[in-house]
Every structure is written in structure tokens, then in C-alpha cells.
Amino acid sequence: MLLQKQYKFWFCTGSQDLYGDECLRKVAEHAKQIVDELNKSGVLPFEVVWKPTLITNELIRRTFNEANTDEECAGVITWMHTFSPAKSWILGLQEYRKPLLHLHTQFNEELPYDTIDMDFMNENQSAHGDREYGHIVSRMGIERKVVVGHWADRQVQERIASWMRTAVGVVESSHIRVMRVADNMRNVAVTEGDKVEAQIKFGWEVDAYPVNEIAESVAAVSASDTNALVDEYYDKYEILLEGRDPEEFKRHVAVQAQIELGFERFLQEKNYQAIVTHFGDLGALKQLPGLAIQRLMEKGYGFGAEGDWKVAAMVRLMKVMTAGMKDAKGTSMLEDYTYNFVKGKEGILEAHMLEICPSIADGPISIKCQPLTMGDREDPARLVFTSKEGKGIATSLIDLGNRFRLIINDVDCKKTEKPMPKLPVATNFWTPQPDLYTGAEAWILAGGAHHTAFTYDLTAEQMGDWAAAMGIEAVYIDKDTNIRDFKKDLMLGDIVYR
Ligand code: MN
């Protein structure tokens, strides 16, 4: 469901023939060794593939074009082992369309004090060659990541690994298809947006289907399939009857099981990876999809409530960027609900009326059935839990009328001081950086929404780099944010991205 392709990254070393065949042989040998060691490190989430040393305009151009057409290539890592005259790179770079990493490294870690001579200097001059290459990439205005340091250094490898996930997000963004089975909520501004521009900028396809088409798919799910899934729920989750009749409770749960299967089949059949619903537009569905949507999000589908297709696509994007991550802590749509303003304990209680992804859960997950004041359907079954502690990022993609802005806030997730036994929904609780007051002020000044795409598993840098690759503004709210400078950032964005 998450990644269909075995993505790879090409490792392209630059040089020239000025230094002779013996030098070029060593350049290739060094590059191959770096690639082998990077692959063996266990740090990189994707394989690196060595490519023959690039020394001519023709070869550079051909290699970049091959990278463009190779569906499994998610990006190119470039490194100038020696001096590579950068005019040879112009045509190739001009035609290249995928993510680019400039790894500014060199083969040896330490100066070889006792043996260094001019032959060594000519052979190992990345400090020189990478500046020539970097100059042309900057002059051409090409978006790229620069990572500096020795290739065997774990921190350098971790930065490459982090960029790889951004690169996959860039490449996979244009494969995100969002199904809308409801328009966005009446009169709500922030969930609106220009879907054509979103397709131009991000590659997202956002399509509407009548809700009753998906409701028919739900109705077509057999009782035996539904009951088997209900059994799975009852094995996996705690059942909190809270005084309800067990049989009646189970029937409510079964409605969600049928929705989960019907929705999933409909999404698979029509090739969509994200969906939006709306409590006010449920057609023949018997309940607002709650538990069903929570389970689909856990499987990797994007979701946005009240027709919020931008959040649905962002959640899917984050799911893809974190696919296969060891020790991942989770990704979900969330909503800023209500505050704790007690000094020293400030934070935002995050929840939604139902639809929070259980990937962020900490501890046991329970099923509850409770009435829902919104909409006019049966009491929906939902998964209830609290979330993990630790650092995360909350993001909001907004449409400013003439352009998009991505707002990225570093947040610290915590346990609430006390349990909230009467609250029948999953929650997270966080303090935005640099503190609740500044963080929320900056968020509001930037125009951030109440819905967020949240993850523990990506960094502000990764999402900011994704935004840069998409050609949109990103603003950061983090430990360094102060309002005066933040307003200047917004003013600068208004000029740069007009
Ligand atoms: Mn909402």
C-alpha cells in the first residue's frame, strides 16, 4: 500500500580526463568503495547505485536523462572527486527533473601528512571541484540539497538518509490521488483551495465521487467478511461497553467494519490513496466513518475530515515519506481543539470527532460507541487512545489565493496531567515550540489551519525541503521563532512567492 517501487539513488562522480587514466581509475575505485560502504552502513533507507564517472558533457547529459526515465530512480547524488569544469554540467542539469543531492565529501578523512604531494592534491580536490560544480547549480537556480562531511561519518549518512525520504516524497507526490466523497464543509475557508493549482504544483489528483457510490460498495460487503473483521477488532482492541448492550454494541462496530472493507475496496479499485469525508454528507452510510477511517489511515491511506483534501494529501505524503522506517512512531491527521493555559503546563489538546490514526497510539487501544452531536446518524464506533510522547511536527498547507504556504511547527508531545475518562475520542497533547503563546501566535499570523498533518517521524527540514522542491513557501515555527522575525519571514515570502 505504501511504496510500490524499490527506489534507488544514483551516485554520480564528476571528474575530467586532465589527470590521466590512472587518476580516473582511482576516482572510480574510490566512488565504488563509498557506494559499497554507504549501502553496508544500514543507515540509508534506499540503495545507492554507482554510475560510471562523468567527465564529458555528452555523458553527463545522457546519464541525467536516463535518471529521468528510470522509474525506480528517485534522485541523483553528485560528488566532484576532482575538478570537473562545470560548463559540462549545464545541459544535463537543465534537463534533469528529479531530486538532486550534492554530497560535498572526499575519499580520505584526514590529511595524509607524511605522504601528501601534488599528485595526491590533484587526485583529491573535492574542496576545489565541488565549489566549481556548486557554482553552476546555484547560478542555474536549481533546488538541491548540500550535505557536507566525510562519507563514513554517521551524521553525514543520516543526513543523506533523511534527504532520501524527502526525495521519495518529491517523486511520489505526483502519484497521490485523493478521493472526495463530499465537498468541504459549508462556509469553512481554510479547507478550501485551488485543486488545479495543487495538481500543477504537487501533482495531486483530487477527484469527487457521489457519496452513495462508495456507500454501495460498503453495502456490497458480505456479512461473513464483515464478521471476520469484527472478530479481528475484538481480538485486537479492548471493548469498552460503558453500560451498552453487548449485542447492540457489536452491531455498531460491525457497521464500521463493513465501511472499512467497502471503502478500501472502492479506493483500491479506483486507485486512490487518500480520502476525505464529511459528517454532513453521508448519503446512505449508517455512521460517520470513524474506526473504519482510523484503520485505513493506519494502513497508509491519507485522510482529511470535512472535505479537507489538502490534509488528506499531506497525510498520505507523510505516510509515503516514512514508509518502512524502523521504530516509526506514527503519522495522523489531527485538529487543534482546546488549550491548557495553566502556567508551566501549557499545551494544545489535539483530537478530532473520531478520525485519529492509531499509528500514533501509546498503550492500549479501545473501541467505544458514543453518540455524535454532529451529523444525523447512528452512534459511531471509534478507536480511543492517547498518543506517544516525544518530538513531532505539525504542518498546515494553506491556499493564500495566489499561492500555497506550508507552515511547519516543531511540537513536544506529552501526556496530559490527568486522564480524561469522559472524552470518547483519541487524543494527542503537545506544546508547540518555542512555547504555546509564541507558537500559537505565529501559527495564527501565518494563517495556519485547525486541521494538521502530524508526524513524529519527519523533521521540519525534510518537509521544508519538500516544499522548496515543489516551489512553494515554507515557514518554520520552532525553538528559534520570535514574532518580530517571523513577521519579516512572512513579508519576505510575500515578495519572493508572489
Ligand atoms: Mn475537523
Side-chain angles (χ1 to χ4, degrees), residues 178-193 195 206 208 211 256 259 263 274-282 285 287-298 301-319 330-339 347-360 368 370-377 379-387 392 394-399 406-407 409 411 420 423-430 432 440 443-444 446-455:
V178 183
M179 178 182 285
R180 301 166 69 233
V181 292
D183 200 348
N184 73 311
M185 191 176 158
R186 277 189 288 280
N187 289 318
V188 175
V190 81
T191 53
E192 279 283 8
K195 299 187 285 293
V206 185
V211 66
Q256 293 288 335
I259 293 175
F263 271 39
I275 185 165
V276 301
T277 59
H278 177 4
F279 63 84
D281 187 3
L282 292 173
L285 295 171
Q287 297 176 13
L288 174 64
L291 198 163
I293 285 293
Q294 293 178 287
R295 297 256 314 173
L296 290 174
M297 246 191 288
E298 191 176 27
Y301 288 91
F303 173 73
E306 291 92 57
D308 195 338
W309 55 268
K310 299 197 295 302
V311 162
M314 287 301 293
V315 170
R316 169 64 186 173
L317 177 75
M318 287 175 159
K319 297 270 183 192
T331 297
S332 182
M333 171 192 143
L334 282 166
E335 179 170 281
D336 300 313
Y337 245 102
T338 195
Y339 289 121
I348 316 174
L349 186 65
E350 301 287 328
H352 203 259
M353 55 185 81
L354 304 173
E355 315 91 331
I356 307 300
C357 178
S359 65
I360 68 172
K368 287 194 184 194
Q370 289 272 339
L372 189 71
T373 49
M374 319 290 272
D376 53 356
R377 294 296 192 281
D379 302 354
R382 78 289 303 272
L383 298 172
V384 180
F385 51 84
T386 59
S387 298
T395 67
S396 174
L397 179 71
I398 57 166
D399 186 334
L406 182 67
I407 300 152
N409 192 181
V411 299
M420 297 169 286
L423 193 64
V425 289
T427 57
N428 197 341
F429 179 77
W430 68 53
W443 186 273
I444 285 170
H450 53 282
H451 287 163
T452 55
F454 164 85
T455 183

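By convention here, the first residue in the shown sequence is residue 1. Atoms within a ligand are numbered from 1 in the order they appear, just like the ligands themselves.
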Below 4.5 Å, heavy atoms only, C-beta onward: do L288 and L282 meet side chain to side chain?
yes
With sequence neighbours excluded, what pairs up with H451 under the side-chain hydrogen bond (donor to acceptor under 3.5 Å, both in side chains) test?
E306, D308, E335, H352
Are D336 and E350 side-chain neighbours, meaning at least one heavy-atom pair lies under 4.5 Å?
yes
Could you work out, with side-chain hydrogen bond (donor to acceptor under 3.5 Å, both in side chains) as the rule, every residue matching S359, not counting sequence neighbours?
none
Cut-off under 2.8 Å, centre the Mn ion (ligand 1), protein N/O/S atoms
E306 OE1, E335 OE1, H352 NE2, H451 NE2
Is the shortest side-chain heavy-atom distance between V315 and F303 below 4.5 Å?
no
Contacts of T452 meeting side-chain hydrogen bond (donor to acceptor under 3.5 Å, both in side chains) (sequence neighbours excluded), chain-then-number -> none
